[in-house]
Amino acid sequence: MLKKFFAATFVLLMMSANCFAMNFSQPVNIGAVSTAGNEDAVTINGATKIDATTNARGNYVTGTATFGGLYLHFDGAALAEKLRGATESTDFAAIYDSVSFFGGNDVKNSVPYYVFEGSTGIFRIDNDAGLELYLLTTETGGGGSMSVIGLRGGKWVKYFTTSDARKTYGIDYNFHLTNLYTAGDEIIFTYQLEQADTYRELHYRWDSAAQWFSVAAM
């Protein structure tokens, strides 16, 4: 009888663990935003709706673009105005965080993400926990920077940016991103040392208890 009790308990524990397990699908590209030459404007691909002003070349300057349930808010006019008065690196950092955002239809419920440099790829990451997650990839040289944002308790948050972990784990700019994929409850980024068969990986694992990602380097 006792053996049956322990066996039943074990089964229930396994079922409970499976209920809380997270499984990510592979990222799906849903759009991209790129700078338009040296202008304070962008080109947009894959958007389901664009409501923005344009310049003489037809590039988008200020407005919003929608990618399914994700909104991009951008203001190239404000960027041009603010850059004219910038002199210090801290000035530029503040400007970059004030002219473009990803998140909800209200810019106040969005996270800063600078799209006026390089090209930004937009990927949706589906999962069996029903979390609304997006991967933003920006290539600006040296392997670029990858960020994951999402809707958490009704508020848009930035869960992580790979440039932070690269500094922490010494994956410098001689390492270039060669692959990104998901495996179970992890989002994994693979880097290769320039002109060498040396690889490093960043593993971002979803912590169901914390409702956040932890990170480890391999």
Side-chain angles (χ1 to χ4, degrees), residues 24 26-46 70 72 74 76 79-80 82-83 86-103 110-125 133-150 156-183 185-207 212-218:
F24 293 118
Q26 297 305 315
V28 176
N29 181 238
I30 60 172
V33 182
S34 301
T35 51
N38 294 322
E39 301 171 293
D40 303 315
V42 293
T43 60
I44 299 172
N45 295 306
L70 181 68
L72 164 64
F74 60 98
L79 172 63
K82 291 179 179 182
L83 285 177
T87 57
E88 304 292 333
S89 59
T90 52
D91 295 336
F92 290 104
I95 291 169
Y96 296 158
D97 280 347
S98 68
V99 294
S100 52
F101 304 81
F102 278 103
S110 300
V111 294
Y113 196 93
Y114 192 59
V115 297
F116 291 96
E117 181 180 13
S119 177
T120 299
I122 305 166
F123 296 79
R124 188 182 69 246
I125 303 179
L133 294 176
Y134 296 90
L135 170 68
L136 306 175
T137 69
T138 297
E139 178 53 61
T140 57
S145 180
M146 315 291 145
S147 297
V148 166
I149 66 171
W156 284 89
V157 298
K158 184 181 291 185
Y159 284 106
F160 65 80
T161 298
T162 56
S163 56
D164 296 333
R166 290 185 66 163
K167 292 177 183 176
T168 299
Y169 292 104
I171 304 175
D172 62 30
Y173 289 106
N174 288 328
F175 284 85
H176 295 273
L177 183 72
T178 59
N179 193 20
L180 67 91
Y181 61 99
T182 62
D185 61 355
E186 293 186 330
I187 303 174
I188 301 166
F189 301 87
T190 302
Y191 299 89
Q192 182 180 7
L193 182 62
E194 192 174 68
Q195 298 180 342
D197 289 328
T198 302
Y199 295 86
R200 298 288 302 280
E201 288 188 339
L202 291 176
H203 289 239
Y204 289 87
R205 172 170 286 179
W206 179 253
D207 184 332
W212 206 262
F213 286 90
S214 62
V215 60
M218 305 294 181

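Sequence positions, counted from 1, serve as the residue numbers for this chain.
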Verify, without hydrogens or angle tests, whether [X] (side chain) and [Y] (backbone) share a donor-acceptor contact under 3.5 angstrom.
X: Arg166; Y: Ile171; result: yes
X: Gln26; Y: Tyr181; result: no
X: Asn29; Y: Ile122; result: yes
X: Ser147; Y: Leu136; result: no
X: Thr120; Y: Val115; result: no

So, for [X] and [Y], which heavy atoms are closest and what is the spacing to 0.1 Å?
X: Asp172; Y: Asn174; value: OD1-N, 2.9 Å
X: Arg200; Y: Ala217; value: NH2-CB, 3.7 Å
X: Asn179; Y: Leu177; value: O-CD1, 3.5 Å

*Scan Phe24, Phe213, Trp212 and name whichever one has a ring-ring contact (aromatic ring centres under 6.0 Å, His included) with Trp206.*
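Of the listed options, the one satisfying the test is Phe213.
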
_Go through it in stages, so that I can follow the logic: the residues are Tyr114 and Thr138, the test is side-chain hydrogen bond (donor to acceptor under 3.5 Å, both in side chains), and I'd like the CA-CA distance, side-chain angles, deciding distance and then a yes or no._
CA-CA 9 Å; Tyr114 192 59; Thr138 297; over 6 Å; no

Report the distance from atom [atom1] of [X] to atom [atom2] of [Y], rounding to the nearest 0.5 Å.
X: Asp185; Y: Arg205; atom1: CG; atom2: CZ; answer: 5.0 Å
X: His176; Y: Leu193; atom1: NE2; atom2: CG; answer: 8.5 Å
X: Leu180; Y: Ile188; atom1: CG; atom2: CD1; answer: 10.0 Å
X: Tyr169; Y: Glu201; atom1: OH; atom2: CD; answer: 13.5 Å
X: Ile187; Y: Ile125; atom1: CD1; atom2: CD1; answer: 3.5 Å

*If you look only at pairs with a residue in residues 37-46, which of them pass as a salt bridge (charged side-chain N to carboxylate O under 4.0 Å, His left out), with sequence neighbours excluded?*
Glu39-Arg57

*With side chains defined as the heavy atoms from C-beta onward, is the minimum distance between Phe102 and Ser110 less than 4.5 Å?*
no

*Side-chain contact, heavy-atom cut-off 4.5 Å: Phe116 with Leu83?*
no

*Would you please classify the geometry between the Phe160 ring and the Tyr204 ring as parallel, tilted or perpendicular, with 30° and 60° separating the classes?*
parallel

